[in-house]
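Here's the structure, in structure tokens; my notes come after.
All chains are named by letter (A, B, ...) in the order of the sequence lines, taking the proteins before the strands, and each is independently numbered beginning at 1.
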Amino acid sequence: MTSKVRVRFAPSPTGNLHIGGARTAIYNWAFARRMGGSFILRIEDTDPERSTPENTAQIIRSLRWLGLNWDEGPEVGGAYGPYLQTERFASYGEMLELLKKKDAVYPCFCSPEQLAARREAALASGSSFIGYDRSCRNLPPDDVAERLSSGACHTWRLKVPLDHGPVIFDDLVFGETSFPIEQLDDFILVRSDGTPTYNYVVVVDDALMQITHVIRGDDHLSNTPKQILVYEALGLIPPHFAHLSMILGSDGKRLSKRHGATSVEAFADEGYFPEALLNYLALLGWSLDGETTLINAELLTENFSLERVSKNPAVFDETKLAWINGVYLKEMGASAFIDALIPYLQDYGFTRSGSAADAPGVLADVAANRSWYEAIYPLIAERAKTLRDVCPQIAYLFSGGKVALDEKSVEKCLAAPGAREALASSLELLSDTALTWELAPIETALRAIPEQLGLKPKVVFQALRVALCGNMVSPPLFESIVLLSREQTLSRIRNAQETTSF
RNA sequence: GGCCCGUUCGUCUAGCGGCCUAGGACACCGCCCUCUCAAGGCGGAGAUUCACGGGUUCGAAUCCCGUACGGGCUACCA
């Protein structure tokens, strides 16, 4: 086949975009870009009960957030539209007429109750085949015509060619796969209410949109032979298929809400970067070479290949995602970091003027104190995995002249022998207005204290840390002092002295 | 029940007949660095030798057949 590659991602908007769907979308996109083909987004919204426009909008937002772009689909249009299945009903009807003309389908008048009863009976009798028994397949033509004209309730079923032989296709991930024809029943194409079923619409849409490669979850592997039969009934050549194995939770079961965050949106809210999620998902089930753990969109789209997609299901490991996210955090730079952090600062209500009622908005505060905010970045970049991690760690920078002291830390560091002297000396040195409020002079001055007092550096600095940051664990001390300003630093030391005086 | 698919360190994976006494990454442990925590550097443990059992072959994690386990389909859901 020499025609241009055309692939699609076809989510059904019955919820938000999940990790599994996101990975399928990424692989389709990467494959299209790698092959110089087209990536198409099609919304499968034929289930009116569960599909909503909100979900569609949400899915599109998540795909965009991930950095994916499509050549055809909602929002961008294209020559093979519409791209919402609910707007494509006419073609399903036309194709049904074609199938009727080819005598490839027949009406079935069995009721759902009858079918269920027969299925149960078949199951109970130990029969290996529990599909439709084809009782309407050979009804006398006159009878059929009569029932049809009298408006009898009926579905349309595919007339599976009995002499077909096994349905064989070469899956681009799983290799040659074969299904015995006896296992395939005359499944329903069009329901009694006139709506088409999934295995029918997906074929019509993919055919009409001239999709060349169907890349989707392997829960569809067993549906593939049915769809191939529809292609054949229509007189069409089926596309290539590539099935992707599932993503599992840590317990080895299919990933679901039970496992915590599973939607792309949830990860975005947690403060994961799109580049990091894309990176992680790209390598969850596909590998560049077995060595590469960090990959960006460019490298991915230059090298993606279906041959290197893994057949095994993969367990989703948020710890590794977090590690990757940390790498991106460390590399993004102060400016981008602060921009990304703003929503979280707003969440916590952090501004330089503390929680005063007349505090300016976070946006204005950041704009007015840009360099101060950017100075936070080197303090935190190595200590946080996600943006949401950041705020608790930098809360002490936003509490003004006072900081809440952690009890345990006070006990361990402020109540320790030498702590009082350390605070007193620090207060004295830092009060000296001759001391320039910059990192080097501050650090030089404070580093002299341990020797002067005959104390271990650790004792002195931990006491000061607790006094200033409220906790024995914090970002670097001297840098924090610079950010806190002389006024706040002195105030916090005095405050700590009061707490510890006895 | 039937059909289909899968099975390499805890996890993601490399491996497509000899380079494997199985490599990388995350996680884990230790040491170094150090004002704490991280980060970083160095090292370690970790796969009863590649689910198990048979073959094929001079030679198998790699090919074939069974078994076990897991998953999917078997809907007038998608």
task: With sequence neighbours excluded, tell me which residues meet ring-ring contact (aromatic ring centres under 6.0 Å, His included) with A/F304.
output: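 Counting only residues at least two positions away or on another chain, A/F304 forms a ring-ring contact (aromatic ring centres under 6.0 Å, His included) with A/Y27, A/W286.
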- request: Using the test side-chain contact (heavy atoms from CB on, under 4.5 Å), find all partners of A/L446 that sit at least two apart in sequence or belong to another chain.
  value: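 Here the qualifying residues are A/S426, A/L430, A/I442, A/I449, A/F461, A/L464, A/F478, A/I481.
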request  = Please name all residues satisfying side-chain contact (heavy atoms from CB on, under 4.5 Å) with A/A22, sequence neighbours left out, ordered by chain then number.
outcome  =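 Testing A/A22 for side-chain contact (heavy atoms from CB on, under 4.5 Å), a comparison that skips the adjacent residues, returns A/L17, A/L66, A/V264, A/L281.
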Which residues in [range] have a heavy atom closer than 4.0 Å to any atom of RNA chain B?
range	answer
residues 463-478 of chain A	A/R465, A/M472, A/V473, A/S474, A/P475, A/P476, A/L477, A/F478
residues 438-455 of chain A	A/R447
residues 279-287 of chain A	A/L283, A/L284, A/G285, A/S287

Problem - Residue pairs, two or more places apart or on separate chains, that pass side chain to side chain donor-acceptor pair (under 3.5 Å) and touch residues 451-464 of chain A - result: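 Qualifying pairs: A/Q462-A/R465.
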- Task: Sort and list the pairs that fulfil salt bridge (Lys or Arg N to Asp or Glu O under 4.0 Å) and have at least one residue in residues 155-183 of chain A, not counting sequence neighbours.
- Result: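 Pairs touching residues 155-183 of chain A that pass the test: A/D103-A/K159.
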* Counterpart residues, salt bridge (charged side-chain N to carboxylate O under 4.0 Å, His left out), relative to A/E318 (two or more places apart) ->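 Salt bridge (charged side-chain N to carboxylate O under 4.0 Å, His left out) list for A/E318, sorted by chain: empty.
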Tabulate protein N/O versus nucleotide N/O from nucleotides 8-10 of chain B, keeping only pairs under 3.5 Å, one per line.
| residue | atom | partner | partner atom | Å |
| --- | --- | --- | --- | --- |
| B/U8 | OP2 | A/N312 | ND2 | 3.4 |

Could I get a table of every N or O pair under 3.5 Å where one atom is in the protein and the other is in nucleotides 20-23 of chain B?
| residue | atom | partner | partner atom | Å |
| --- | --- | --- | --- | --- |
| B/G23 | N2 | A/G290 | O | 2.9 |

For nucleotides 67-69 of chain B, which of its nitrogen or oxygen atoms have a protein nitrogen or oxygen under 3.5 Å away, and what is each distance?
none

